[in-house]
Amino acid sequence: MLASVKDILWEAKNNGYAVGAFNASNMEVAQAIIRAAAKKKCPAIIQVTEKTLSYAGDSVIVEVIKAVIEKESGSLPIGFHLDHGRSLEVVARAIELGITSVMIDASRSDLQDNIAITKRVVDFAHPKKVAVQAEIGNVPRLGEIDQNPNWDKIMTDPLEAKWLVEETGVDALAIGIGNAHDFFRERPEPDWERLDSIHKLLPDIPLILHGASDWVNHKVVEAVKRGVVCFNVDTDLRIAFNTTLCQFTHDKCDILDPRKILAEARDAVQKVVEKKIDLFRNLK
Ligand code: 13P
């Protein structure tokens, strides 16, 4: 059942567990995510990026994902979210397409600009009953900055985070505590004191952790204790999908039916999502 991302995050927050927000760029990955959530009977968030909208043709992928949610999830709450919207235009495009939770990522701008852009998005989205996630601090990805960054300089400043939330009225906040996207080398241990401070200053904001593909049990447990309610996962799903495809294309492939290959890739992604859901929910 298509459900409010905000409600899903608050349900997790109130009950001391976390959910996964998983990126989908095609039908098979969307099915894998929803099937895993349905099998585990655990709410989940499925998300798309601007690149995915452009790749698939906006309404095409949005309608496919909505149809998959409708068909495969029964009464289980599934949220649909725009990941890393970089401008008001992209956010407006997603909302126009019927996506009811959006991220505005102005984290590469300075604080004043981040606040101004985020506020403009909130003012646009909230009257339309669309929830907004902002980001403050840098969650690096490969090729963007030096592989050995000065983490103290780029992680979220707790007071700045509080300021951004108060000035903008966002519904959720993505933070940087040494986490990173894709194959970027993370800080050896996340900055737990920093996360503690953010959580103490902002006890009523669901905190989102991007770059969670390589997060293991002890990190997840510590993060949830300190207010993280959602972990974003994309890279591990891509690896599962691509590795399966490669198994067929490396050797001379005599399978004529692409559905046979895609179904295998879909199953591989589903297994990964199931493991992530267990990791985020069973916190011991
Ligand atoms: P990973 O690259 O660790 O999967 O993170 C994905 C992400 O944060 C998407 O927003």
Side-chain angles (χ1 to χ4, degrees), residues 5 8-9 18-26 29-30 32-33 36 44-55 61 65 79-87 90-91 94 99 101-108 118 131-145 147 149 151 154-156 170-190 195 206-217 219-220 223-224 228-243 268-277 279-280:
V5 167
I8 290 172
L9 296 178
V19 292
F22 302 101
N23 290 67
S25 55
N26 61 27
V29 174
I33 294 165
I45 295 164
I46 187 163
Q47 52 191 11
V48 291
T49 59
E50 178 189 1
K51 260 194 196 167
T52 294
L53 292 177
S54 298
Y55 165 76
I61 188 70
I65 289 177
F80 191 6
H81 177 74
L82 173 76
D83 192 26
H84 291 290
R86 301 275 183 197
S87 64
V90 173
V91 164
I99 299 177
S101 173
V102 294
M103 176 183 192
I104 175 68
D105 177 1
S107 61
R108 301 299 184 266
T118 302
V132 180
Q133 176 189 138
E135 177 166 318
I136 184 161
N138 192 325
V139 180
R141 63 178 72 244
L142 217 56
E144 245 183 16
I145 56 169
Q147 259 284 33
W151 285 104
I154 67 169
M155 290 185 291
T156 304
V170 284
D171 305 283
L173 188 67
I175 39 96
I177 53 166
N179 44 315
H181 293 103
D182 54 58
F183 298 114
F184 195 97
R185 210 176 311 117
E186 301 205 334
R187 194 172 186 265
E189 191 65 15
L195 183 55
L207 299 176
I208 316 295
L209 194 124
H210 285 242
S213 270
D214 48 1
W215 273 47
V216 292
N217 182 266
K219 286 192 188 179
V220 169
V224 174
V228 170
V229 297
C230 176
F231 294 91
N232 279 23
V233 176
D234 186 11
T235 302
D236 273 355
L237 310 192
R238 293 177 182 215
I239 292 171
F241 195 83
N242 294 352
T243 309
V269 175
Q270 182 179 334
K271 285 195 186 92
V272 173
V273 178
E274 286 174 21
K275 281 197 188 132
K276 299 291 177 191
I277 289 173
L279 179 69
F280 302 150

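Read the numbers this way: they start at 1 and go in the same order the structure lists the ligands and their atoms.
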Among R238, K276, H181, H84, which one has a heavy atom closest to atom 7 (C) of ligand 1? H181
Any salt bridge linking E144 with R108? Criterion: basic side-chain nitrogen under 4.0 Å from a carboxylate oxygen.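 Yes, this pair counts.
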For [atom], which protein heavy atom lies nearest, and how many Å away is it?
atom	result
atom 8 (O) of ligand 1	G211 N, 2.8 Å
atom 9 (C) of ligand 1	D83 OD2, 3.2 Å
atom 2 (O) of ligand 1	T235 OG1, 2.6 Å

Subset of ligand 1 atoms that lie under 4.0 Å from at least one heavy atom of [X]:
X	answer
D234	1 (P), 4 (O), 6 (C)
A212	3 (O), 5 (O)
V233	4 (O)
N23	9 (C)

With H84, the side chain to side chain contact (heavy atoms under 4.5 Å, CB included) member among M103, K51, Q47: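 Only one option passes, and that is M103.
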Passing option when F231 is tested against V19, I208, V224, I45 for side chain to side chain contact (heavy atoms under 4.5 Å, CB included):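 Passing option: V224.
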Does any N or O of ligand 1 fall below 3.5 Å from an N or O anywhere on D214, backbone included? no
Geometry only, no angles: is H210 polar-contacting ligand 1 at N/O separations under 3.5 Å? yes
Report yes if the side chains of H210 and D83 come closer than 4.5 Å at any heavy-atom pair, otherwise no. yes
R86 atom CZ, over 12 foreign heavy atoms within 6.0 Å: yes
Is there a donor in the side chain of N179 and an acceptor in the side chain of E186, or the other way round, less than 3.5 Å apart?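 Judged by distance alone, the side chains do not pair up.
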Can you tell me if T52 uses its side chain to pair, donor with acceptor, with the backbone of V48 under 3.5 Å?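 Such a contact is absent between T52 side chain and V48 backbone.
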